[in-house]
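Note that this is a predicted model, so its numbers are computed, not measured.
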Amino acid sequence: MRTVVLPGSNLEEFLARLAVGHELIVPQKSGASISFAAYDPSSEVVVEYQRTLLPPKKFFLPPEEALFDFAPGEGFRQKPTSSERRILFGLHPCDIHGLRRLDQVFLEGYVDTYYQAQRDRTLIIGLSCLPDEMCFCNSMGTDLVTDHFDLFLTDLGDNYLVEIGSTEGNDLILDNEDLFAETSDILLRKYKVFLATRSNLFEQKLDTSGLSNILALEWDSSHWEETAKDCLACGRCSMTCPTCYCFTIFDEVNLDGASGSRCRRWTSCLYKNYALVAGGHNFRPSRGARLRQRIMHKHKDSVERHGISACVGCGRCQAHCAAGINFCQVLTSLRGESSESIVG
Amino acid sequence: MNQSLAKVQNPYQPSRAKIVDIRDLTPDTRLFQVMLIDPKEREQFTYRPGQFCQISVMGTGEIPISISSSPTRPGLLEFCIRKVGRSTSSLHRLVPTDEIGIRGPYGNGFPVEYMQGKDVLIIAGGVGLAPVRSLLYYILDNRDQFNQVTLLYGARSLQDVLFPAELQTLEQHRDLNILVTLDRGDTSVWPYRVGLVTELFSEIEVAKNTVAAVCVPPVAYKFVTKELLAKKVAGEDIFMSLERKMHCGIGKCGCCAVGSKYCCQDGPVFSYWDALNLPDMI
Ligand SMILES: Cc1cc2nc3c(=O)[nH]c(=O)nc-3n(C[C@H](O)[C@H](O)[C@H](O)COP(=O)(O)OP(=O)(O)OC[C@H]3O[C@@H](n4cnc5c(N)ncnc54)[C@H](O)[C@@H]3O)c2cc1C
Ligand code: FES
């Protein structure tokens with residue numbers, strides 16, 4: 001992969017230039033948390049942060065979005081999608097892996113044209129990070145990225161090592177050549193030191209070996225209902241998850257009572273009515289069954305369906321759980337239970 | 001950046017369709033005959049028995065409904081719709097010439113090719129007759145491709161029997177075996193049987209090479225499959241059309257997930273073997 005160097009002191013100027021001709025989204029302070037928001041010259045770009053409250057999926061699958069306008073006699077008219085060029089700056093490897101997972105869902109099989117339009121107009125500039133006590137991306141194998149970005153910046157002190165992932169990314173460098181320098185051997189060595197140092201910083205660990213097999217065997221475990229006693233079924237883990245994509249479709253009617261829009265909105269498999277069908281049959285009536293569904297989907301079903309776990313180890317679910325559920329702990333104790341039952 | 005090469009069609013776009021006729025089947029169920037308005041779309045619309053469509057009523061939403069007509073009888077599409085909630089009620093308020101939206105067909109449908117040369121045992125309960133009616137007519141129109149064909153159908157009461165006239169006519173077909181039972185009622189009037197659909201198994205012989213197609217209420221699958229297994233039908237020859245909450249119908253919204261499968265795409269027809277593999281399927 002072609003690499004260049006961006007002196008740290010040039011980052012501000014680089015972003016300011018990117019904002020010309022692009023809609024630029026950067027991590028910024030928002031109350032007590034960090035969130036991806038539109039850049040303006042006065043915005044304070046946060047380059048050192050652990051995780052934003054909402055993952056970048058909100059730019060590709062908005063929390064709520066209108067798909068069509070409808071009116072009697074006119075049918076359903078597709079809402080126009082923006083084609084303005086957009087740059088998302090500051091995505092961590094876990095979030096880039098999250099987008100990869102969403103791509104598998106939305107671009108394979110039937111192509112979700114709304115998601116595709118957002119994806120097509122967006123460049124991704126990744127940014128390295130250091131873990132806090134909730135991060136476990138290195139357990140999930142998502143602490144590094146080799147594709148699905150246009151540029152990736154690794155913070156090596158005074159300089160960023162910039163990996164170039166696409167021709168569009170390369171164009172951004174060429175257009176701003178004066179801000180970049182050639183890579184040096186010293187920087188490459190620093191990069192390796194950075195990787196080694198970072199991998200020692202992870203406190204949260206998850207043993208993923210055979211995890212999907214173990215989960216399949218622990219379907220009937222009492223652990224699910226036990227853990228679910230704490231769960232509030234609020235769906236916060238889903239909303240903040242970079243790979244949770246479930247949505248419902250519904251119609252919103254205008255004041256005339258006839259025209260309106262067809263919309264979609266995020267939902268969560270933890271919600272009580274998620275698997276409720278007409279006639280009153282609920283396929284997952286208990287909270288334990290719903291919690292199990294969420295965990296199974298991440299660590300087992302996705303592996304079976306897409307060959308890869310849907311968990312990217314960003315730690316949002318456990319950092320934001322209102323009941324303080326630590327998903328790594330839940331999985332670790334399930335593993336414990338299975339090894340005990342084999343021994344005993 | 002993820003530059004896609006070709007612009008693809010919006011898969012959520014409903015096609016405009018006109019209601020041609022509506023027939024009352026039971027107090028809560030109506031048969032809608034529907035025609036796609038665009039002649040080209042009409043021509044291109046092909047489907048398999050057991051597939052479904054997403055049906056839209058503007059302003060109320062979109063719901064999955066099985067195609068109840070058979071692809072062997074092209075022309076109008078038929079949907080048999082039971083009024084149970086918001087969207088189905090607004091469908092019931094429509095009249096002929098009203099417009100609805102349709103997209104599909106979706107799902108896998110019944111494996112009709114696999115059923116060829118075998119006995120076909122169809123088991124339906126309630127509105128579950130809708131998708132298997134498509135299969136039934138498909139078989140009738142290709143009768144020589146199939147062996148013995150039997151339909152076991154259970155309804156709540158006499159007035160809940162869908163297509164009673166059709167069933168009575170078909171019952172007289174010598175090459176079709178049709179048994180209907182009611183949850184409650186009077187045994188002196190047709191169909192002369194009271195009891196659950198599972199009780200009909202005592203009246204039939206099941207040959208070795210039988211393939212079963214089942215569409216019953218969610219709670220009934222366990223009981224029906226038990227009977228079938230007892231009659232030595234192989235697990236992989238039991239095909240069940242399952243219901244789940246569906247919003248997109250195309251494997252995107254996640255709502256219909258059963259383990260690693262999506263009911264809307266990998267189903268709605270699953271084999272009993274799938275059910276053994278995926279613990280919350282039936
Ligand atoms: C593959 C498939 C085929 C079906 N075929 C038929 C058929 O041929 N005839 C028939 O009468 N019914 C059929 N159903 C059931 C039918 O889809 C539901 O009865 C209908 O969705 C209820 O909608 P409602 O708005 O009237 O009910 P409400 O209870 O008011 O439901 C509100 C919303 O919940 C959702 N919802 C509720 N129940 C279901 C459900 N079972 N499946 C999916 N979404 C649901 C819908 O989005 C609906 O808009 C089928 C279901 C599936 C999954
Ligand atoms: S209905 Fe949306 S994934 Fe199946």
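Put simply, the side chain of B:Cys255 does not reach to within 4.5 Å of the side chain of A:Phe247, judged on heavy atoms. Side-chain contact between B:Pro11 and A:Thr113 is present, with heavy atoms from C-beta onward closer than 4.5 Å. The shortest distance between side-chain heavy atoms of A:Phe283 and B:Val258 does not fall below 4.5 Å.
Counting heavy atoms of neighbouring residues, nucleotides and ligands inside a 6.0 Å radius, atom NZ of B:Lys18 exceeds 12 of them. For A:Leu255, the CG atom sits in a loose shell: 12 or fewer heavy atoms of surrounding residues, nucleotides or ligands are nearer than 6.0 Å. More than 12 heavy atoms of other residues, nucleotides or ligands lie within 6.0 Å of NZ in A:Lys58, so this atom counts as buried by the packing criterion. Within a 6.0 Å sphere centred on CH2 of A:Trp219, heavy atoms belonging to other residues, nucleotides or ligands number more than 12.
Interface remark: A:Glu74 contributes backbone atoms only to the contact with chain B (heavy atom separation under 4.5 Å). Looking at A:Phe68, the atoms closer than 4.5 Å to chain B (heavy atoms on both sides) all sit in the side chain, from C-beta outward. For A:Val105, the parts sitting under 4.5 Å from any heavy atom of chain B are the backbone and the side chain alike. Within the 4.5 angstrom heavy-atom criterion, no atom of A:Glu252 approaches chain B.
Listed options A:Cys244, A:Ala71, A:Ala289 were ranked by heavy-atom pairs under 4.5 angstrom with chain B; first place goes to A:Ala71. The most heavy-atom pairs under 4.5 Å with chain B, out of A:Tyr274, A:Tyr245, A:Phe106, come from A:Tyr274. With chain B as the partner, the residue from A:Thr167, A:Leu276, A:Leu67 showing the most heavy-atom pairs under 4.5 Å is A:Leu276. Your options are B:Glu243, B:Arg82, B:Arg244, and the one with the most heavy-atom pairs under 4.5 Å with chain A is B:Arg244.
Residue pairs that meet the side chain to side chain donor-acceptor pair (under 3.5 Å) test with at least one member in residues 56-65 of chain B, sequence neighbours left out, are A:Arg262-B:Ser56, A:Arg262-B:Glu62, B:Ser56-B:Glu62, B:Thr60-B:Ser90, B:Glu62-B:Arg103.
Scanning both residues, A:Tyr110 and B:Gln265, for their nearest heavy atoms gives CE1-NE2, 3.4 Å. Of all heavy-atom pairs between B:Ser260 and A:Arg305, the closest is O-NH1, 2.9 Å. Nearest heavy atom pair, residue B:Val84 against residue A:Ala278, reads CG2-CB, 3.4 Å. Of all heavy-atom pairs spanning A:Cys246 and B:Gly254, the tightest one is SG-CA, 3.8 Å.
Atom OH of residue B:Tyr12 and atom CD1 of residue A:Ile249 lie 6.0 Å apart, to the nearest 0.5 angstrom. Within the model, atoms NZ of B:Lys245 and NE2 of A:His281 stand 12.5 Å from one another, a figure rounded to the nearest 0.5 Å. Atom-to-atom distance recorded for B:His247:NE2 and A:Thr267:OG1 is 7.0 Å, nearest 0.5 angstrom.
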Mind listing the side-chain donor-acceptor pairs of residues 274-282 of chain B below 3.5 Å, one per line with the distance, residues two or more places apart or on another chain?
| from | atom 1 | to | atom 2 | distance (Å) |
| --- | --- | --- | --- | --- |
| B:Asp274 | OD2 | B:Ser271 | N | 3.0 |
| B:Asp274 | OD2 | B:Ser271 | OG | 3.4 |

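Annotation: cation-pi pair B:Arg16/A:Phe76 absent, no NZ/CZ under 6.0 Å from the ring centroid and within 45° of its normal.
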For A:Tyr115 and B:Lys252, run side chain to side chain contact (heavy atoms under 4.5 Å, CB included): C-alpha distance rounded to whole Å, both residues' side-chain angles, the deciding distance at 0.1 Å, then the answer.
-> CA-CA 11 Å; A:Tyr115 177 89; B:Lys252 306 294 160 202; over 6 Å; no

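Ion pair A:Asp251/B:Arg86 not flagged as a salt bridge, since none of the NZ, NE, NH1 or NH2 atoms sits closer than 4.0 Å to an Asp/Glu carboxylate oxygen.
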